[in-house]
Amino acid sequence: MTDRIGIMGGMFDPPHRGHIRAALAAADALALERVCMVPCARPNHRAGASADGCHRLAMLRLACAEHAVLEVDDRELQRGGTSYTADTLEEFSARYPRALRVFIQGWDSFLTLPGWERWEDILRTSHVCAVSRPGSRLPAGDSDDPAERIMAAILAERRVERPEELLPSTTGGILVLESVDCAISSTQLRQQLQTRGEDGAGTVDQWLTPDVTAYIRTHQLY
């Protein structure tokens, strides 16, 4: 049987239950043996992280600890400099050339894919699993937005309807997982932590694991 590996990148600043739910949904749908959670060192298309890489790595390990299928991979932090997903997926491709490799993205991130550095190489070296939130809509081919039209064309060419349709090849397909409850962002959580104190309330308690919340309090992050 072909190995099945998921790769999920992000700032994880902080890591939250939305990240975990998306990773687990992809693992379940595609029967992945493991999902490698890869914290970014420095993004090329947005501001850097609020917390240092060592803290984000430690929090991610705490957030993933209860789930055996999730593995924290620090290759981008070790590599340093600007992190490019295409480079990371090339490394996975070289190490696991016969594995089914799936790059997992949240919906908002997926919709920006044509703006990523060497985005075509991402689809050359892996499949993509885009995890959508309840109420998300697919890009429209007749949209006034050129970026949306590009995404609609990509989906029309590469989208599969069922997970098993990815299996004949190891790269190049797109699976959309619909209506996964991961409608939160790390930005929102940082704002909650800043405005409601170290322990937070409401949204923070709902979306951060107790160990991550305690880590944030201990190290006075955000």
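Keep in mind that the numbers below use all heavy atoms, side chains included, and drop hydrogens, waters and symmetry copies.
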Counting C-beta onward and ignoring hydrogens, is there a side-chain heavy-atom pair between [X] and [Y] closer than 4.5 Å?
X: Arg149; Y: Pro139; value: no
X: Val72; Y: Leu57; value: yes
X: Phe103; Y: Thr171; value: no
X: Thr82; Y: Pro43; value: no
X: Val131; Y: Trp107; value: no
X: His127; Y: Arg101; value: no
X: Phe92; Y: Thr125; value: no
X: Asp87; Y: Arg79; value: yes

Practice task
Decide, yes or no, whether a salt bridge links Arg61 with Glu71 under the criterion of side-chain N to carboxylate O below 4.0 Å.
Solution key: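 Glu71 and Arg61: not salt-bridged.
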Treating Ile, Leu, Val, Met, Phe, Trp and Tyr as nodes and any side-chain heavy-atom pair under 4.5 angstrom as an edge, say whether [X] and [Y] lie in one connected cluster.
X: Val35; Y: Val102; result: yes
X: Ile20; Y: Leu30; result: yes
X: Tyr84; Y: Ile122; result: no
X: Leu166; Y: Leu32; result: yes
X: Leu123; Y: Val176; result: yes

Exercise for the section: Say whether Thr88 and Glu76, considering side chains only, have a donor N or O and an acceptor N or O under 3.5 Å apart. Expected result: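 Yes, Glu76 and Thr88 have a side-chain donor paired with an acceptor closer than 3.5 Å.
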For the backbone of [Y] and the side chain of [X], can you confirm whether one donor and one acceptor N or O come within less than 3.5 Å of each other?
X: Arg158; Y: Gly172; result: yes
X: Ser132; Y: Leu177; result: yes
X: Arg56; Y: Ala49; result: no
X: Asp13; Y: Ala51; result: yes
X: Arg34; Y: Ile5; result: no

Exercise for the section: Determine, stepwise, if the pair His55 / Leu221 fulfils side chain to side chain contact (heavy atoms under 4.5 Å, CB included). Expected result: CA-CA 9 Å; His55 290 308; Leu221 303 179; 3.7 Å; yes
Supply the atom-to-atom distance [X] [atom1] to [Y] [atom2], rounded to the nearest 0.5 angstrom.
X: His67; Y: Leu24; atom1: NE2; atom2: CG; value: 5.0 Å
X: Ser83; Y: Leu77; atom1: OG; atom2: CG; value: 7.0 Å
X: His16; Y: Gln188; atom1: NE2; atom2: CD; value: 8.5 Å
X: Leu89; Y: Arg124; atom1: CG; atom2: CZ; value: 10.0 Å
X: Asp74; Y: Cys54; atom1: CG; atom2: SG; value: 12.0 Å
X: Arg159; Y: Ile154; atom1: CZ; atom2: CD1; value: 14.0 Å

Practice task
Report the relative orientation of the aromatic rings in His19 and Phe12; use parallel for angles under 30°, tilted for 30 to 60°, perpendicular for over 60°.
Solution key: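 It falls in the perpendicular class, over 60°.
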Problem - Which atom of Tyr222 lies closest to which atom of Gln194, heavy atoms considered - result: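 Smallest interatomic distance, heavy atoms only, reads O-CG, 3.0 Å.
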Problem - Shortest non-hydrogen contact from Ala29 toward Pro163 - result: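 Minimum heavy-atom separation between Ala29 and Pro163: O-CB, 3.4 Å.
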Problem - Leu208 vs Ile216, side chain to side chain contact (heavy atoms under 4.5 Å, CB included): CA-CA, chis, key distance, verdict - result: CA-CA 10 Å; Leu208 294 181; Ile216 290 170; 3.8 Å; yes
